[in-house]
Amino acid sequence: MLERRFDIRKIVNTPVRLYHPELGRFDGVTNDISDGGVALKLNSYANLLTEPPETPILLRCCNTDVLFPVSCLRQTESNLVVKFLE
């Protein structure tokens with residue numbers, strides 16, 4: 001299988017919270033992270049690959065107060081891959 005990522009993945013399991021401007025809050029855990037994005041396992045399913053919202057989706061690690069703007073790349077059931085916008 002052809003690798004899609006250009007950056008090296010690091011296995012990190014930390015609680016995260018995703019803030020969607022229209023669908024609300026989603027809790028989950030990271031599977032792995034790279035310089036370009038992160039793979040998440042969400043606790044609940046919602047189709048986040050709909051048309052991009054006007055305001056960005058925000059990702060927050062539960063042990064920090066920093067919000068990272070992200071966009072959704074792909075989703076299968078409750079697994080979600082997002083890329084960092086900044």
Side-chain angles (χ1 to χ4, degrees):
M1 180 174 165
L2 181 62
E3 178 61 42
R4 295 185 214 185
R5 293 190 184 185
F6 296 110
D7 302 314
I8 296 173
R9 297 180 189 197
K10 297 175 184 124
I11 304 299
V12 177
N13 294 316
T14 188
V16 293
R17 186 164 283 160
L18 198 65
Y19 298 97
H20 192 280
E22 297 163 3
L23 300 176
R25 182 181 83 187
F26 298 93
D27 292 325
V29 177
T30 61
N31 287 338
D32 60 61
I33 190 168
S34 69
D35 290 341
V38 61
L40 308 170
K41 173 87 173 161
L42 298 178
N43 294 342
S44 60
Y45 175 77
N47 185 8
L48 299 175
L49 291 177
T50 57
E51 189 171 320
E54 299 261 331
T55 57
I57 299 170
L58 300 173
L59 176 70
R60 177 179 159 265
C61 294
C62 288
N63 7 354
T64 68
D65 290 332
V66 179
L67 295 172
F68 299 96
V70 296
S71 66
C72 299
L73 292 179
R74 59 186 172 278
Q75 182 175 14
T76 58
E77 295 180 13
S78 62
N79 294 318
L80 178 69
V81 177
V82 296
K83 72 174 182 175
F84 297 116
L85 296 177
E86 294 180 7

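Bear in mind the structure is a predicted one, so any value in this text is a computation, not a measurement.
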Going from CZ on Arg60 to CZ on Phe68, what distance comes out if it is rounded to the nearest 0.5 angstrom? 11.0 Å
With sequence neighbours left out, the residues meeting side-chain hydrogen bond (donor to acceptor under 3.5 Å, both in side chains) with Lys83 are none
Taking only residues two or more places apart in sequence, or in another chain, which ones meet Asn47 in a side-chain contact (heavy atoms from CB on, under 4.5 Å)? Tyr45, Leu49, Thr50, Gln75
Enter the distance from Leu40:CG to Asp32:CG here, rounded to the nearest 0.5 Å. 9.5 Å
Could you grab the distance from atom CZ of Arg74 to atom CG of Leu80, nearest 0.5 Å is fine? 9.5 Å
Establish whether Val12 and Val82 are linked, either directly or via other cluster members, by ILVMFWY side-chain heavy-atom contacts under 4.5 Å. yes
Counting distance only, does the side-chain N/O of Thr55 pair as donor-acceptor with the main-chain N or O of Pro21 below 3.5 Å? no
Can you find a heavy atom in the side chain of Val16 that is under 4.5 Å from one in the side chain of Val38? no
Single-linkage hydrophobic cluster, 4.5 Å side-chain cutoff, Leu18 and Val66 together: yes
In Å and rounded to the nearest 0.5 Å, what is the OG to CG distance from Ser71 to Leu59? 11.5 Å
Where is the tightest heavy-atom contact between Arg17 and Asp27, given as atom of each residue plus distance? NE-OD1, 2.6 Å
Is there a side-chain contact between Thr14 and Asn63 (heavy atoms, below 4.5 Å)? yes
Spacing of Asn31 atom CG and Asn79 atom CG [to the nearest 0.5 Å]: 6.0 Å
Can you see which heavy atom on Phe84 is nearest to which on Asp35, and at what distance? CD1-O, 3.7 Å
Interatomic spacing from CZ in Arg25 to CG in Asn43 - rounded to 0.5 Å: 10.5 Å
Do Leu42 and Leu48 come close enough that some side-chain heavy atom pair is under 4.5 Å? yes
Heavy atoms of Ile57 and Cys72 approach each other most closely as CD1-SG, 3.7 Å
